[in-house]
Protein chains: 2
Amino acid sequence: MPRTADHDARRRQVAEAVAQLVATDGFDAVTVARTAAAAGISVGLVQHYFPSKDEMLLHAFTLARERIERRVHDEVERADRAGARIEHILRDALAELLPLDARRRRECRVELAFTGRAIDNPRLAEALGRSNAHVRAQLAQAVHNGKECGEVEPAVDGNAAAQRLLALVDGLRLHAYTEPDTVTADAARDALADQLARVFTGRCHHRKSTRGGR
Amino acid sequence: MPRTADHDARRRQVAEAVAQLVATDGFDAVTVARTAAAAGISVGLVQHYFPSKDEMLLHAFTLARERIERRVHDEVERADRAGARIEHILRDALAELLPLDARRRRECRVELAFTGRAIDNPRLAEALGRSNAHVRAQLAQAVHNGKECGEVEPAVDGNAAAQRLLALVDGLRLHAYTEPDTVTADAARDALADQLARVFTGRCHHRKSTRGGR
DNA sequence: CCCATAACCGTATGGCTGTATGGCAAACAT
DNA sequence: ATGTTTGCCATACAGCCATACGGTTATGGG
């Protein structure tokens, strides 16, 4: 076998160029030519790694979601080891998704732009749905753990609570991004904390790991 | 003055063609040429009524929002005259925004597609913000009225409640549209009703009109 | 009647798009 | 060393886009 290259690294490089373009110039500014230029490679090489523009966008979106999921997951693990209340762990982890500073605002824009295209693009919609299902499962697991340690009333429907929590977070993200003056990031954070307080009404009476949960 | 035409009617005609295209073929399918064809007029005439494609899209979005706002407003008025609880009036009015049937699903798609573009398009973002502010004001007014008639605890922050309610509705709309199997429209409706029940905890002890409120 | 003016149409155009293609350079197996 | 496979590039191309423009038609005021 001749000349080898790091396939994954190249694809990641292109995906980051896409995210960069979306963040700075908007989704419509993402063309194959501009992406190649932003990544510092030729158009031909982009084609070499992605059979079509659609595949390129899908990969960029998938990586963006994975990165966020990973960061949230890490945040949960860290707080869990520190012995925090599940409610507070979730609060901090979900707040990570809000446009609280420049970095997260940028991520929000990328995320929201892709979500907007998912309305018309079945491939993106599927990836979004998969990722959301994953997040909901983590949330439901955390609520379940909350029941076991006494933070949550046993009668609470974990799946329904997870669904509503995620919907609220996504709505807050949208509003906090598009209307920063009307819906401040802090207000969104408060709304999130308030909603969590309505689910986690009890006190933890025996420490239980939130392993696998958010 | 020579030959006259109904300016507003023409612009409405074009706006409806835009909505039609977004609903059936997606936002990217909206080109000036296709819009003209869908409206049954020439490209030149579209240009005659809109100086640019951006203006055309902005007008289409504005009309779509106004139409929805009006229908919700009418629903509120109707229920109000029928003497319903404010909580139930809001429930029905906001449920109007969910993709509960084919017609509302279509509207949802148009709305979500435009919202997605608002991320990158300041003009659309401004129109969206204005409309959202309007809706929030109506919601806050309804909560205020709820306090006066005893349905809502006096300590409740009406503005915050309105913000959170709208965020939840928008999040539910997105999820119910993109993941109909995971988040059914009925589940979204239940989530909405549940959230309203957390705000409207009391009983109405003296009938009060929700005039101006949602 | 008639003409000025607005409504309306058809087409031209320059630019940008995604993708196809052919060729050059590099490095591993032999 | 050398051939062959892969990495990588530059360019060509056909299609579609928004917009510009000139011409035609119809109608209200004089």
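Lettering of chains follows the sequences in order, A, B, ..., and the numbering in each one begins at 1. Side-chain atoms are counted along with the backbone in the values below, which use heavy atoms only and exclude waters and symmetry mates.
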> Which pairs pass salt bridge (charged side-chain N to carboxylate O under 4.0 Å, His left out) with one or both residues in residues 159-171 of chain B, sequence neighbours excluded?
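Sorted result for residues 159-171 of chain B: D194(A)-R164(B), D170(B)-R173(B).
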> Could you tell me which non-hydrogen atom of A95(B) sits nearest to which non-hydrogen atom of L100(B), and how far apart they are?
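Between these two residues, the closest heavy atoms are O-CD1, 3.3 Å.
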> T178(A) side chain to L174(A) main-chain N or O, any donor-acceptor pair under 3.5 Å?
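Side chain of T178(A) to backbone of L174(A): a pair is present.
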> When you check the gap from the basic side-chain N to the acidic O, do R117(B) and D120(A) get nearer than 4.0 Å?
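Result for this pair is yes, salt bridge flagged.
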> How does protein reach along nucleotides 14-19 of chain D, written 5' to 3' as B (base within reach of a heavy atom under 4.0 Å), S (only sugar-phosphate), or - (no contact)?
---SSB
> For residues 47-58 of chain B, pull every pair meeting salt bridge (charged side-chain N to carboxylate O under 4.0 Å, His left out), keeping only residues two or more places apart or in separate chains.
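Residue pairs with at least one partner in residues 47-58 of chain B: E55(B)-R123(B).
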> Which residues pass the side chain to side chain contact (heavy atoms under 4.5 Å, CB included) test with R103(B), not counting sequence neighbours?
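Here the qualifying residues are R71(B), E96(B), D101(B), E107(B).
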> Provide, to the nearest angstrom, the distance between the CG atom belonging to L57(A) and the C1' atom belonging to dT17(C).
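Between C1' of dT17(C) and CG of L57(A): 13 Å.
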> Between the protein and nucleotides 23-26 of chain C, which nitrogen or oxygen pairs come in under 3.5 angstrom?
from: dA25(C); atom 1: N3; to: R3(A); atom 2: NH1; distance (Å): 3.3
from: dA26(C); atom 1: O4'; to: R3(A); atom 2: NH1; distance (Å): 3.4

> Contact class for Y49(B) (heavy atom, under 4.0 Å): base, sugar-phosphate, or nothing?
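Counting heavy atoms under 4.0 Å across all strands, the contact made by Y49(B) is with sugar-phosphate only.
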> Please check if atom CZ in R67(B) has more than 12 non-hydrogen atoms from other residues, nucleotides or ligands closer than 6.0 Å.
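Not buried by this count: 12 neighbours or fewer within 6.0 Å.
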> I need the residues from residues 6-19 of chain A with at least one non-hydrogen atom less than 4.0 Å from DNA chain D; give them sorted by number, or say none.
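Listed by number, they are R10(A).
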> Check whether any side-chain N or O of Q195(A) sits under 3.5 Å from a backbone N or O of L168(A) as a donor-acceptor pair, and report yes or no.
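Pair absent, no side-chain N/O of Q195(A) close to backbone of L168(A).
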> Quick check: does any side chain N or O of R109(B) sit under 3.5 Å from a backbone N or O of A23(B), one acting as donor and the other as acceptor?
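Between the backbone of A23(B) and the side chain of R109(B) there is a qualifying donor-acceptor contact (under 3.5 Å).
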> Take Q138(B) and H134(B), measure what side-chain contact (heavy atoms from CB on, under 4.5 Å) needs, and give me the verdict at the end.
CA-CA 6 Å; Q138(B) 286 184 286; H134(B) 187 229; 4.1 Å; yes
> Hey, does the side chain of H48(B) come within less than 4.0 Å of dC8(C)'s phosphate (OP1/OP2), counting only N and O?
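Checking H48(B) against dC8(C): no side-chain N or O falls below 4.0 Å of OP1 or OP2.
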